[in-house]
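Beneath this line is the structure, given in structure tokens, with notes to follow.
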Amino acid sequence: MTLPAFVQGAWFAGALFFIFGLKGMSSPASARRGIIVAGYGMLTAIAGTFLIPGLQNIGLIAIALGLGSAVAWLSGARVKMTDMPQMVAIYNGMGGGAAAAIAAVEFVKGDTHDLATTALAVLGALIGAVSFTGSCIAWAKLQGVLRKAVRLPAQNALNVLLALGTVALGLATVMLAPARPELVCAFFALALILGLVVTLPIGGADMPVVISLFNAFTGLAVGFEGYVLGNPALIIAGIVVGAAGTLLTQLMAKAMNRPISNILFVPMAAAGSGAAVEGEQKEIGAMDVAALMRYADRVIIVPGYGMAVAHAQHKVWEMTELLEEAGVEVKFAIHPVAGRMPGHMNVLLAEAGVPYDKIFDLDEINGEFAQADVALVIGANDVVNPAARSDKSSPIYGMPILNADMARNVIVVKRGKGSGYSGVENALFYSDNCQMLYGDAQPMAGEIIQHLKAMG
Amino acid sequence: MTLPAFVQGAWFAGALFFIFGLKGMSSPASARRGIIVAGYGMLTAIAGTFLIPGLQNIGLIAIALGLGSAVAWLSGARVKMTDMPQMVAIYNGMGGGAAAAIAAVEFVKGDTHDLATTALAVLGALIGAVSFTGSCIAWAKLQGVLRKAVRLPAQNALNVLLALGTVALGLATVMLAPARPELVCAFFALALILGLVVTLPIGGADMPVVISLFNAFTGLAVGFEGYVLGNPALIIAGIVVGAAGTLLTQLMAKAMNRPISNILFVPMAAAGSGAAVEGEQKEIGAMDVAALMRYADRVIIVPGYGMAVAHAQHKVWEMTELLEEAGVEVKFAIHPVAGRMPGHMNVLLAEAGVPYDKIFDLDEINGEFAQADVALVIGANDVVNPAARSDKSSPIYGMPILNADMARNVIVVKRGKGSGYSGVENALFYSDNCQMLYGDAQPMAGEIIQHLKAMG
Amino acid sequence: MPLTIAVARERAPGEKRVALSPESARRFKDLGAELRIEAGAGLSSHFVDADYADVASAHSLEETYAGADVILRVSPPSPEEIAAMPVGSVLIGLLRPFELPARLDALNGRRITAFALELLPRISRAQSMDVLSSQGACAGYQSGLIAAARCAKFFPMLTTASGTVRPARVLVIGAGVAGLQAIATCRRLGAAVEAYDVRAAAREQIESLGAKFVDTGVQADGAGGYARDLSAVEKLQQAERLARAVAAADVVITTAAVPGKAAPVIVTEEMVAQMRHGALIVDLAAETGGNCALTQPGEHVDVGGVHIHGPLHLASRMPTHASDLYARNLYNFLSPWVREGQLAFDGADEILAGALLCRDGSTVHPLVKHVLGEA
Amino acid sequence: MPLTIAVARERAPGEKRVALSPESARRFKDLGAELRIEAGAGLSSHFVDADYADVASAHSLEETYAGADVILRVSPPSPEEIAAMPVGSVLIGLLRPFELPARLDALNGRRITAFALELLPRISRAQSMDVLSSQGACAGYQSGLIAAARCAKFFPMLTTASGTVRPARVLVIGAGVAGLQAIATCRRLGAAVEAYDVRAAAREQIESLGAKFVDTGVQADGAGGYARDLSAVEKLQQAERLARAVAAADVVITTAAVPGKAAPVIVTEEMVAQMRHGALIVDLAAETGGNCALTQPGEHVDVGGVHIHGPLHLASRMPTHASDLYARNLYNFLSPWVREGQLAFDGADEILAGALLCRDGSTVHPLVKHVLGEA
Amino acid sequence: MDPVLTLYIFMLAAVAGFEIIARVPVILHTPLMSGSNFIHGVVVVGAMIVLGSADSMLEKAIGFFAVALGAANAAGGYVVTERMLAMFRSKGEGK
Amino acid sequence: MDPVLTLYIFMLAAVAGFEIIARVPVILHTPLMSGSNFIHGVVVVGAMIVLGSADSMLEKAIGFFAVALGAANAAGGYVVTERMLAMFRSKGEGK
Ligand SMILES: NC(=O)c1ccc[n+]([C@@H]2O[C@H](COP(=O)([O-])OP(=O)(O)OC[C@H]3O[C@@H](n4cnc5c(N)ncnc54)[C@H](OP(=O)(O)O)[C@@H]3O)[C@@H](O)[C@H]2O)c1
Ligand SMILES: NC(=O)c1ccc[n+]([C@@H]2O[C@H](COP(=O)([O-])OP(=O)(O)OC[C@H]3O[C@@H](n4cnc5c(N)ncnc54)[C@H](OP(=O)(O)O)[C@@H]3O)[C@@H](O)[C@H]2O)c1
Ligand SMILES: NC(=O)c1ccc[n+]([C@@H]2O[C@H](COP(=O)([O-])OP(=O)(O)OC[C@H]3O[C@@H](n4cnc5c(N)ncnc54)[C@H](O)[C@@H]3O)[C@@H](O)[C@H]2O)c1
Ligand SMILES: NC(=O)c1ccc[n+]([C@@H]2O[C@H](COP(=O)([O-])OP(=O)(O)OC[C@H]3O[C@@H](n4cnc5c(N)ncnc54)[C@H](O)[C@@H]3O)[C@@H](O)[C@H]2O)c1
């Protein structure tokens with residue numbers, strides 16, 4: 001496999017581009033440039049491949065390339081923003097499929113390889129195949145084609161059994177070279193089924209983590225097949241994605257507070273999809289709050305007694321200044337009875353140096369929540385409790401409230417599940433557009449500031 | 001060169017350790033753990049090397065190892081903290097020498113290698129040799145053995161000529177394989193001289209940058225010789241250091257405001273060593289101010305009118321809180337006439353919420369500056385001007401001043417070279433223990449905060 | 001005929017507020033009510049007659065009240081004023097229900113439906129009508145200013161060429177609406193503030209304003225967010241710990257109150273004797289007797305170098321904003337029941353029922369009946 | 001015999017300060033000086049006699065001054081007080097040098113060496129003796145408090161259940177020592193503060209306290225950090241731009257002064273007429289005639305609903321700290337010249353020379369001679 | 001391929017992958033997943049090599065399949081990622 | 001050694017080196033320089049290999065020299081770096 005320098009060079013350049021592209025994508029400021037750089041890498045690598053001397057079936061290759069990319073491009077360009085995750089899933093599955101197919105061709109060819117190569121080919125095929133069918137299921141679930149989480153009897157045992165079987169067949173394939181067709185076929189079949197069976201019982205809410213996991217899998221599969229084909233660009237791209245994807249999966253699982261093993265082996269509810277999540281307070285991290293606000297146009301901050309208790313006013317104002325530097329419009333909405341004395345919030349905001357022209361009272365600002373991207377509720381509770389509007393039995397019924405619930409996203413900073421002065425539960429915290437940042441308001445604001453600064 | 005798995009494994013482990021060690025060293029919090037990890041890497045790699053089957057001269061190796069490391073260890077453990085930079089230089093030079101020596105042995109052996117290998121061997125030898133003699137000169141200068149910057153006539157032209165000559169000889173060596181001894185000897189001689197000649201005219205103040213550059217050089221040399229020896233651990237360690245060292249050199253040069261080319265080719269003054277630097281205001285960056293304070297025990301903040309103009313009080317207090325969280329003792333020293341009205345600083349610090357028990361007046365705190373690690377002067381000028389103590393002709397003579405100049409390090413935050421209310425120059429800004437952070441006090445405090453947070 | 005709302009000039013000495021502000025007048029108009037105001041009624045609050053656009057002007061008390069359906073007031077009416085009220089009219093104001101049985105009799109004599117805003121239940125919905133809060137905020141703010149202005153020292157710390165001045169030490173006793181506002185005001189001026197209250201929640205509230213809580217170990221939460229009376233033992237313990245804080249203070253501001261009762265005496269004569277020459281006590285509870293044993297309501301006494309102020313009518317010291325807030329409270333109280341220019345009270349409403357003092361010729365509020373029956 | 005320093009009770013009406021504080025007494029003692037103080041002299045500053053440990057007590061003016069080498073005072077001495085001073089003694093205090101030629105004659109008649117602290121050169125070294133700064137700081141702080149306490153509105157913005165209160169608008173004219181302190185005090189209380197001064201450097205100083213600068217386009221920096229007189233054209237331009245700011249303000253605090261001259265009239269009758277009912281003027285320049293045309297020094301006048309205060313003796317409203325600072329200024333002025341209990345002035349010293357008013361029977365200060373010669 | 005060298009490459013690539021992702025805001029999780037999904041679309045290159053040396057019909061068929069899938073992975077991954085990341089255009093660029 | 005693979009290794013090592021150093025406080029410049037100086041002390045391994053296969057006297061001499069220098073680089077680099085970094089012990093550990 002001595003290839004001309006320009007082919008090797010193109011692949012090398014591709015690998016470089018991928019690395020820098022991925023690096024770009026890991027920060028909001030350069031993310032968009034990152035994907036473009038990676039795109040150039042892909043073009044370079046593909047172009048170089050066409051230049052391999054003696055490449056056969058160029059027509060077929062071109063057709064396949066055209067067909068695959070056209071279909072994917074069009075579907076990807078049309079799909080609604082909210083349907084993106086399943087598109088990622090299906091494209092990822094295709095990558096896994098491709099990796100498996102490459103291994104399949106190698107087996108069909110029957111070239112003899114050394115042990116390591118065969119082993120990696122088989123491993124890549126296994127992982128690729130699982131990722132393929134698994135991703136398809138993930139897509140089907142998110143797309144709503146498959147509505148129920150199908151849980152087979154003794155699911156976990158079945159999973160383990162199937163996995164063992166597949167691995168055994170794979171081992172056999174490796175050992176009994178040259179490959180025996182029945183064995184290989186059985187191996188592929190089992191691997192594909194494994195992907196199906198493992199993914200079927202997983203609920204829709206957990207899917208993003210699973211997709212990320214399959215994404216890392218596909219990366220590994222690609223890396224392994226790269227070894228088989230002797231192509232370092234594939235190895236690097238695949239392994240970088242494999243490593244990055246693994247870490248990403250962990251980060252996502254952590255952000256959702258669901259250990260990965262839990263997702264794969266102990267599905268949340270036998271029959272439930274994501275319904276169980278409704279009616280829960282959804283937690284969010286400071287970094288996300290920072291990013292959400294940093295890339296918003298309009299933010300309204302609703303301070304309450306908790307801000308006073310935490311003495312968070314200085315931090316909150318610093319955060320505001322950072323947001324304004326980034327071009328975000330920030331306003332403070334003061335409820336008439338926020339805090340524990342008339343003008344409590346005014347005292348604090350004045351102390352922090354918030355200019356009066358950023359402070360609005362209920363009548364002035366209530367109409368603006370509907371246009372706000374984020375309502376950041378800091379240690380307030382009763383004053384944003386929608387029960388006051390509708391629930392006649394509530395002790396706070398009839399009190400005018402700030403319409404924080406009308407904002408696109410509501411973030412509530414509080415220490416825990418404590419209720420406010422009136423002691424009533426707040427339905428806002430459970431609503432779909434609301435997420436909770438748990439912690440004392442001062443350190444939380446500090447964390448948000450830190451992340452805002454990191455975003456430049 | 002098929003080596004047993006345990007040897008390869010040891011080297012592989014060594015490379016891994018080096019990478020994680022270097023990573024650790026790049027953050028203050030984990031720096032110490034980092035060098036220890038790297039140390040284990042070194043032990044592992046050396047141990048593995050001893051296990052190479054058929055290794056000859058084991059006795060010699062052991063003696064050389066013992067000798068080299070004993071001498072270096074003892075000298076390194078005894079040297080004064082202030083003499084560290086020249087020790088780094090000399091050890092680095094030894095590394096370069098070792099790399100060059102490896103190449104020399106290869107030439108002596110006369111094994112035929114392919115072109116690339118020979119080229120890298122020569123390149124490594126060249127760089128290693130330059131680094132060797134260059135580092136020795138750097139050591140001699142810093143140690144005070146060589147006191148004058150020796151500037152030869154037409155220095156730059158000579159440098160270029162020598163470099164070209166060395167490269168030409170190197171090329172010849174590569175082309176005319178097997179190596180001709182005269183050529184090789186001449187090549188080495190010229191390379192060693194090149195290192196000498198290039199380094200001799202450089203002033204002591206620029207030496208740290210030069211040492212860093214030679215360090216990167218040695219890294220590359222080691223990497224190249226690693227290729228020659230077919231040892232990926234050497235390659236990785238060498239190239240990682242080469243890349244990191246190059247970046248580091250740039251960072252250091254930037255921090256000193258001296259482009260590298262300037263340092264190498266236009267020495268600051270024909271005869272001067274570092275003397276010209278005295279009597280100048282020395283600039284410092286926010287990150288260093290942060291680190292200096294973060295790892296100090298006692299910090300005293302001296303605010304002045306500039307803090308008021310910049311409205312920096314809130315940021316300054318936030319910075320203080322961060323320092324205190326990190327275990328630093330921070331006090332505010334208020335001069336009786338700081339600002340422009342009686343109690344000006346009090347108004348601002350109260351606004352920022354600085355508790356009264358952290359605020360000290362002149363009589364209370366003047367004795368403490370001598371014990372302070374850092375005096376941070378923020379927008380103050382006249383109130384820390386030592387001329388008030390000694391210069392009878394000064395308009396501020398006789399005014400009591402804060403003894404900020406007695407602190408171990410003095411950092412002054414101000415926008416530029418502006419003088420204070422009285423319009424007199426301030427000798428403090430030129431003193432040895434003083435460094436200037438130029439900029440508006442508010443964003444500067446903000447930057448310090450950011451860096452403090454990054455240090456955790 | 002639409003509802004007629006009448007507002008006369010306040011005649012009580014020291015009272016500078018007015019029950020109708022130009023803004024609340026505008027709002028009542030929008031509800032379709034007729035308004036009548038006595039000429040010059042707003043002047044002491046710096047509302048000139050011209051500010052009340054579209055409001056009918058009357059030139060005597062009698063002319064003002066004649067034929068009125070609703071009468072808005074700040075302070076309780078005098079017998080003459082009651083005599084001028086139409087029989088069966090509605091009276092809303094701060095009526096000091098626990099004070100003067102004769103006044104209630106006079107009101108009942110004219111079958112006046114009287115709402116005493118002091119009795120407003122403190123539920124969330126009633127906050128916008130809560131005159132005790134709005135006027136308490138004014139009083140608390142003023143008490144802080146009085147303390148600062150009368151103190152012989154700087155409140156803030158100042159480091160000057162002539163030496164460093166240490167911040168004044170202020171102790172606030174009672175951290176209700178007024179107390180918290182006093183804390184905030186003194187803190188704004190830079191004083192070192194300590195504060196004390198018997199309610200458990202007060203600690204956090206005090207600290208939320210950056211003041212230090214004086215922990216005496218006594219807690220006395222009562223019903224409805226108010227404090228209850230203390231037992232003798234509790235009083236002793238409280239007194240002992242407080243005495244130390246009082247002796248150390250340059251200024252003591254007291255705001256402790258128990259509704260329907262005389263103010264508790266917290267700062268005793270012995271405590272005053274321990275205070276330094278030039279120290280200051282501002283006793284906000286002066287209207288109900290004072291939290292300091294030596295307070296003379298409305299007076300300013302000097303007891304061995306310690307100055308004791310018992311200011312009355314604190315809200316009247318800032319009449320423009322006090323009236324503004326008060327008038328808005330009244331508007332918020334009344335407006336839900338005005339439909340198409342007609343008044344239609346819902347007798348079952350918790351707030352109305354809570355504030356209702358007299359109706360159909362008799363005093364109906366249970367607590368008032370209980371307290372007056374006792375006395 | 002060691003140097004004897006004597007301090008009598010201040011007898012000027014309204015004067016509550018004292019020239020010796022317990023602390024400065026202690027320091028003088030440490031220098032080896034003998035001290036004598038009139039009984040009760042510190043009481044109005046809340047220093048009781050017992051606070052002056054080791055200080056000899058005298059029971060009349062004559063007894064106090066008899067045989068004294070140095071006499072420390074706050075306000076200028078009356079003829080009787082001068083008569084009690086030993087011939088040839090040294091007098092230090094705020095002597096109002098430009099005011100009463102007869103007073104200077106009386107001093108010269110007794111060949112008294114008099115230092116007027118108003119005349120102290122404003123050089124860096126003299127800052128610790130600068131009584132104009134220390135007392136100006138007190139006056140500025142008090143003016144802010146008076147303004148807040150007398151204003152019919154809240155200073156801070158407050159969002160309450162009864163509606164939102166907008167911050168009061170305060171305009172400070174003259175941003176010297178007192179003006180800046182007034183700005184700081186009003187800002188602390190949450191008011192929206194604008195300020196104005198003719199000195200160019202004032203803009204940055206005003207903004208450093210978070211207030212807004214009113215730009216009139218007039219600049220008038222004079223010698224020694226003081227302002228100079230303005231030309232007629234400048235006055236007109238200033239007046240026009242200021243009028244708008246004055247009309248918009250709830251409170252105007254004026255502190256403008258030009259040393260040795262009557263205070264400039266900045267707020268005219270027409271400007272006052274444009275102010276709203278209930279607005280307030282606090283004129284700190286009242287002692288030298290007032291910055292407002294309608295100011296009555298020491299009085300409180302109501303001109304069509306606008307209240308104009310011309311407070312005198314502002315520093316005496318906070319006598320403890322004012323005396324503290326003043327006494328330390330005196331100590332800093334005198335102490336460099338006391339060695340081993342003896343007084344030894346260096347005639348060439350810039351500060352002494354600058355403050356020296358009378359010596360050896362004649363008035364020596366050039367500016368004073370010039371101004372009084374003129375008058 | 002030299003297994004030892006390849007092992008080093010695996011190691012270094014993994015280190016690079018981890019290092020790059022180590023500090024990424026949660027808001028970028030999904031776009032980053034999508035972006036790395038695009039990157040492993042480079043499998044199309046491998047598929048092209050396989051198809052480019054395919055002889056039998058079966059090989060060609062599977063190879064064709066592989067290339068099409070790989071291309072779909074790359075193309076789809078790109079569009080989707082690009083669309084998601086368009087949200088992150090800085091304010092200056094206008095929305 | 002396979003030059004192509006080695007090229008990839010060079011590239012990845014350089015990327016790793018840059019990435020790791022990218023954000024380092026100035027206060028760490030000198031220790032980091034010293035630390036990386038220690039790391040290239042691994043040249044001693046190369047020197048050992050060379051000396052371990054040296055036959056002629058000259059080879060042995062140069063090899064000996066190389067090992068000694070390399071060992072000095074490694075040992076000296078370590079002590080010096082360790083001493084510098086001891087300053088960065090966190091407060092908790094006590095000074
Ligand atoms: N303004 C007045 O004049 C006045 C007077 C008396 C009563 N009130 C009443 O007070 C209430 C005011 O409403 P509000 O929304 O301001 O306050 P709130 O309803 O009392 O809610 C405060 C929230 O802050 C959270 N919190 C407390 N400490 C915190 C900390 N250190 N960090 C972060 N969060 C913290 C608490 O939740 P966690 O415990 O989970 O953290 C709590 O849910 C109203 O019901 C009003 O009627 C007002
Ligand atoms: N306290 C009083 O009562 C009073 C009254 C009148 C006069 N004074 C006099 O004022 C002086 C006070 O001394 P001081 O040390 O506080 O102040 P200073 O001597 O006036 O020095 C202030 C320094 O702050 C710097 N600065 C200004 N704006 C800044 C900004 N935005 N960010 C960062 N730096 C800024 C200036 O340098 P750059 O321009 O280079 O930034 C200047 O050197 C004394 O001479 C005192 O005698 C005091
Ligand atoms: N529901 C609402 O939204 C609402 C509205 C306004 C006020 N409030 C609450 O009502 C409570 C009282 O308000 P207020 O200011 O009208 O009360 P108040 O004027 O009756 O009493 C003032 C304060 O004095 C305290 N006190 C009583 N006896 C004391 C003693 N012996 N020692 C020390 N302190 C003593 C009380 O606890 C109270 O805090 C507060 O908790 C306030 O937050 C609630
Ligand atoms: N050398 C020192 O260290 C030192 C010490 C104290 C004060 N000072 C400086 O001296 C200056 C004056 O101090 P002061 O308070 O004693 O001055 P002051 O009492 O004489 O005057 C008060 C202010 O009024 C202003 N003013 C005069 N005419 C005016 C007009 N027509 N319109 C508007 N404003 C007018 C002046 O500019 C001054 O700022 C200040 O700059 C102060 O910083 C310096």
Side-chain angles (χ1 to χ4, degrees), chain B residues 18 22-23 25-26 28 31-32 35 38-39 42 45 49 55-57 60-61 64-65 67-69 72-73 76-77 84 87-88 91-92 94-95 97-99 101-102 104-105 108 116 212 215 218-219 222 225 229-230 234 236-241 243-245 247 252 255 285 287-288 291 327, chain F residues 1 3 6 9-10 13-14 16-18 20-21 24-29 31-43 45-54 58-60 62-82 84-85 88-89 91:
Chain B
F18 289 151
L22 193 65
K23 184 164 165 44
M25 278 187 268
S26 65
R32 197 143 167 279
I35 180 65
M42 189 67 74
T49 311
L55 194 75
Q56 302 170 338
N57 306 323
L60 265 185
I61 292 178
L65 267 182
L67 205 74
S69 48
W73 189 279
M84 287 291 182
M87 297 315 288
V88 175
Y91 299 142
N92 174 54
M94 291 176 172
I102 291 174
V105 175
V108 172
S212 176
N215 181 45
T218 307
V222 170
E225 300 309 331
L229 297 174
L234 252 68
I236 289 177
I239 300 300
V240 164
V241 169
L247 188 57
M252 287 171 81
M287 189 186 267
D288 292 85
Chain F
M1 284 180 63
T6 318
I9 290 186
F10 274 102
F18 270 106
I20 288 171
I21 298 301
V24 53
V26 183
I27 200 177
L28 276 180
H29 282 179
L32 199 57
M33 173 171 84
S34 176
S36 58
N37 171 40
F38 162 68
I39 287 177
H40 67 51
V42 72
V43 71
V45 166
M48 286 167 69
I49 296 176
V50 166
L51 179 53
S53 63
L58 183 62
E59 284 173 30
K60 282 189 194 167
I62 308 183
F64 184 85
F65 182 65
V67 172
L69 285 183
N73 180 352
Y78 187 85
V79 212
V80 167
T81 310
E82 213 279 336
M84 285 190 218
L85 290 178
F88 291 91
R89 253 182 298 188
K91 308 267 158 184

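Fair warning: this is a prediction, and the values are worked out from it, not measured in the lab. Order of the sequence lines sets the chain letters (A, B, ...), proteins ahead of strands, with each chain counted from 1. Atom set for the values below is all heavy atoms of this structure, side chains included, hydrogens, waters and symmetry mates excluded.
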Please name the pair of heavy atoms, one in [X] and one in [Y], separated by the smallest distance, quoted to 0.1 Å.
X      : Y      : value
F:A66  : B:A101 : CB-CB, 3.5 Å
B:V105 : F:V50  : CG1-CG1, 3.1 Å
B:A72  : F:A75  : CB-CB, 4.3 Å
B:I102 : F:G46  : CD1-C, 3.6 Å
F:A71  : B:A64  : CB-O, 4.3 Å
F:V42  : B:A237 : CG1-CB, 3.5 Å

I'd like to know whether CZ of F:F64 has more than 12 heavy-atom contacts from other residues, nucleotides or ligands below 6.0 angstrom. yes

Chain F contact via B:A45 - side chain, backbone, both or neither, heavy atoms under 4.5 Å: both

Honestly, the part of B:M25 sitting under 4.5 Å from a heavy atom of chain F is both

Are F:S36 and B:N215 linked by a side-chain donor-acceptor pair shorter than 3.5 Å? yes

Rounded distance (nearest 0.5 Å) linking atom [atom1] of [X] with atom [atom2] of [Y]:
X     : Y     : atom1 : atom2 : answer
B:T49 : F:L51 : OG1   : CG    : 12.0 Å
F:T81 : B:M84 : OG1   : CE    : 8.5 Å
B:M87 : F:N37 : CE    : CG    : 11.0 Å
B:N92 : F:F38 : CG    : CZ    : 14.0 Å

Do you know which of B:L234, B:L67, B:L55 has the most heavy-atom pairs under 4.5 Å to chain F? B:L234

Note: vs chain F, highest number of non-hydrogen pairs under 4.5 angstrom among B:G285, B:G245, B:G219 is B:G219

Go through B:L65 and F:M48 one step at a time and tell me if the side chain to side chain contact (heavy atoms under 4.5 Å, CB included) criterion holds. CA-CA 9 Å; B:L65 267 182; F:M48 286 167 69; 4.3 Å; yes

So which residue, F:L58, F:V67, F:I62, F:V45, ends up with the most heavy-atom pairs under 4.5 Å with chain B? F:V45

I'd like to know which of F:G52, F:A47, F:G41 tops the heavy-atom pair count under 4.5 Å against chain B. F:G52

Are B:L22 and F:I39 side-chain neighbours, meaning at least one heavy-atom pair lies under 4.5 Å? yes

Which atoms of F:L32 are under 4.5 Å from chain B, going by heavy atoms: the side chain, the backbone, both sets, or neither? both

Measure up the B:W73 and F:Y78 rings against each other and bin them: parallel (under 30°), tilted (30 to 60°), perpendicular (over 60°). parallel

Is a side-chain N or O of B:N57 found less than 3.5 angstrom from the main chain of F:K60, in a donor-acceptor match? no

